[in-house]
Q: 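Before I ask anything, let me first share the structure, which is written out below as structure tokens.
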Number of protein chains: 2
Amino acid sequence: MTKSSAAAGRSPRLSRERIVAAVVDLLETGGVDAVTTRTVGVALQVHPTALYRHFRDMDDLIREAADHILEGVTDGVPEDNDPLETLSLVCLRLRAALMSHPGAAGGVASGPSRKLHERVLTERMLELLSSAGLGEEDVVLGYHALVEYTVGSAVIDAPGRDTEQDEESRHRAWRADYLTAPPDEFPVTLRLASLLYPSKDDQFRYGLRVLVDGLRDKVAS
Amino acid sequence: MTKSSAAAGRSPRLSRERIVAAVVDLLETGGVDAVTTRTVGVALQVHPTALYRHFRDMDDLIREAADHILEGVTDGVPEDNDPLETLSLVCLRLRAALMSHPGAAGGVASGPSRKLHERVLTERMLELLSSAGLGEEDVVLGYHALVEYTVGSAVIDAPGRDTEQDEESRHRAWRADYLTAPPDEFPVTLRLASLLYPSKDDQFRYGLRVLVDGLRDKVAS
DNA sequence: ACCTGAACACCGTTCAAGT
DNA sequence: ACCTGAACACCGTTCAAGT
């Protein structure tokens, strides 16, 4: 009745699903190095090495968890008349999912898992680019550009292990630091120092807009 | 005569420069996790903990090495009539520097070091954007967008620890994998599968072009 | 002042052993 | 079949000790 035909032993305490759920949880609450064999062990009240019955190695587990985080990214995104605007919203949702789970960005950055939720996201993005009227070449290259920008900047922007200082005060310190540069060697930096390091979300939105608008220009050809 | 006024003991075997040089070397030949306290120890014929006299911790050392890799990125870049084309070349040079030193990308991705070579690169990029005729806001946001795209995609594209398979055969396997998807759920993916995963450099160049061209459109405003 | 040696608290992973 | 226990080969880092 459990899953195997010969349901002999007591029911297993672990499963891929339960392990993934625990990892997603650790990815959400803790920082990047919050998920280790030991931490998932205590989270599931189980020996650190128990997960090796269900996953080949830590990398396998992280990638599965990363894919799980991609679930629902395309759901409920309001449909705009312009497919590229919808796509822009999808990218923002993708970023939000990655940012709310520090360390997950590194997981998807390590290469395409070609697992379910990633496939769904890929299909949706390709479809939106295609229905915008882009040629096949531009659809594929545009897809890659948006993914690399969104995932790549999430890797950069995701909160690391130093959550002590908040983003704004850190940025303020950086700007102040630039003001100490020698004026004859760094004139432009000095002139613009006060504008450097706007909020990371504003940075991301700007680049996303440039990319999306640039892709729209390719439709005419 | 050495450096301190009281030059008593024998001259030190180590220095920040020598350690950084060794790390840059390891970053170039080996993969991402090729640089550890132990590996720099054997490279310099020195005890693994010796570097703690010269650097606060491993992070400090990696960031210094990452900055060293940025040296000369802006040197000898041919000056185009259009500053944004020169900027495009600078980004390509930055990518080349990061790609040829796997792991260095992670170093600069961990946040701005505000060290010398990074400052030089920042100044040059801001200057090129400024001389292109962009407003101050666009200069700063354009700078951030280009850096996040270039560094972020380098983190994604940099060769990891699995150098067994070459890029092209891995991409071929991925494309083949997409062809096994159920046709009714992934029609666009199936139609475009053969076009997916062009060379990483081509991917990067495409997105870079879209970004640069998009920034040029902002000049008119 | 600069480096070594020993030690500590971690990692991921393997494999024999228990149930 | 599934999990535990012990063990191995690694990490980064601290600190007392040598010279």
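Chain naming here is simple, since letters A, B, ... match the order of the sequence lines and numbering starts at 1 in each.
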Q: To the nearest Å, how far apart are Asp57(A) CG and dC10(D) P?
A: 18 Å

Q: Testing Leu70(A), Val147(A), Leu116(A) for side-chain contact (heavy atoms from CB on, under 4.5 Å) with Leu121(A), which one passes?
A: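 Going through Leu70(A), Val147(A), Leu116(A) one by one, the side-chain contact (heavy atoms from CB on, under 4.5 Å) with Leu121(A) is satisfied by Leu70(A) alone.
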
Q: When you compare the side chains of Tyr52(B) and Asp57(B), does any donor N or O come within less than 3.5 Å of an acceptor on the partner?
A: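 Short answer, no.
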
Q: Report all side-chain donor-acceptor pairs from residues 21-29 of chain A shorter than 3.5 Å, counting only partners two or more places apart or in another chain.
A:
from     : atom 1 : to        : atom 2 : distance (Å)
Glu28(A) : OE1    : His101(A) : NE2    : 3.3
Thr29(A) : OG1    : Asp25(A)  : O      : 3.2

Q: Between Ser88(B) and Arg205(B), do the side chains contain an N or O donor and an N or O acceptor separated by less than 3.5 Å?
A: no

Q: Looking at dT13(C), dT4(C), dC2(C), which one has an atom nearest to any side-chain atom of Met58(A)?
A: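 Given the options dT13(C), dT4(C), dC2(C), the side chain of Met58(A) is closest to dT13(C).
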
Q: For Asp33(A), report the nucleic acid contact type (base, sugar-phosphate, nothing); a contact means any heavy atom under 4.0 Å.
A: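 No contact at all - Asp33(A) keeps every heavy atom at 4.0 Å or more from the nucleic acid.
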
Q: Are the side chain of Arg16(B) and the backbone of His54(B) linked by a donor-acceptor contact shorter than 3.5 Å?
A: yes

Q: Can you list every stem that DNA chain D is part of, counting only runs of 3 or more consecutive Watson-Crick or G-U wobble pairs with both distances under 3.5 Å?
A: C:4-8 with D:12-16, C:12-16 with D:4-8

Q: I'd like to know whether Arg119(A) forms a salt bridge (charged side-chain N to carboxylate O under 4.0 Å, His left out) with Glu185(B), so could you lay out the CA-CA distance, the side-chain angles of the two residues, the decisive distance to 0.1 Å, and finally the verdict.
A: CA-CA 10 Å; Arg119(A) 279 180 128 108; Glu185(B) 296 179 52; over 6 Å; no

Q: Test salt bridge (charged side-chain N to carboxylate O under 4.0 Å, His left out) on Glu127(A) and Arg124(A) and set out the steps.
A: CA-CA 5 Å; Glu127(A) 184 218 296; Arg124(A) 184 79 176 118; 3.0 Å; yes

Q: Taking DNA chain D as the partner, which of residues 21-29 of chain B come within under 4.0 angstrom of it by heavy atom?
A: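 The answer is none.
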
Q: Roughly how many Å is it from CG in Leu14(B) to P in dC2(C), rounded to a whole number?
A: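 It works out to 10 Å between those atoms.
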
Q: Starting at atom CZ of Arg18(B), determine the distance to atom C1' of dC2(C), rounded to an integer number of angstrom.
A: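 That distance rounds to 14 Å.
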
Q: Taking 4.0 angstrom as the limit, do Glu168(A) and Arg175(A) come out as a salt bridge?
A: yes

Q: May I ask you to say whether Arg191(B) pairs ionically with Glu136(A), meaning some side-chain N is under 4.0 Å from a carboxylate O?
A: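 Salt bridge flag = yes for Glu136(A) with Arg191(B).
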
Q: Rounded to whole Å, how long is the line connecting atom CG of Asp59(B) with atom P of dT13(D)?
A: 8 Å

Q: The criterion is ring pair (Phe, Tyr, Trp, His ring centres under 6.0 Å); which residues satisfy it with Tyr143(A), sequence neighbours excluded?
A: none

Q: For Arg38(B), report the nucleic acid contact type (base, sugar-phosphate, nothing); a contact means any heavy atom under 4.0 Å.
A: base

Q: My understanding is that only residues two or more places apart in sequence, or in another chain, count here; which of them pass salt bridge (Lys or Arg N to Asp or Glu O under 4.0 Å) with Arg93(B)?
A: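 Salt bridge (Lys or Arg N to Asp or Glu O under 4.0 Å) list for Arg93(B), sorted by chain: empty.
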
Q: The side chain of Thr37(B) lies closest to which of these nucleotides: dT13(C), dC3(D), dT13(D)?
A: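 Minimum distance to the Thr37(B) side chain belongs to dT13(D).
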
Q: Would you jot down, in residue-number order, the residues of residues 40-56 of chain A having a non-hydrogen atom under 4.0 Å from DNA chain D?
A: Val46(A), His47(A), Thr49(A), Ala50(A), Arg53(A), His54(A)

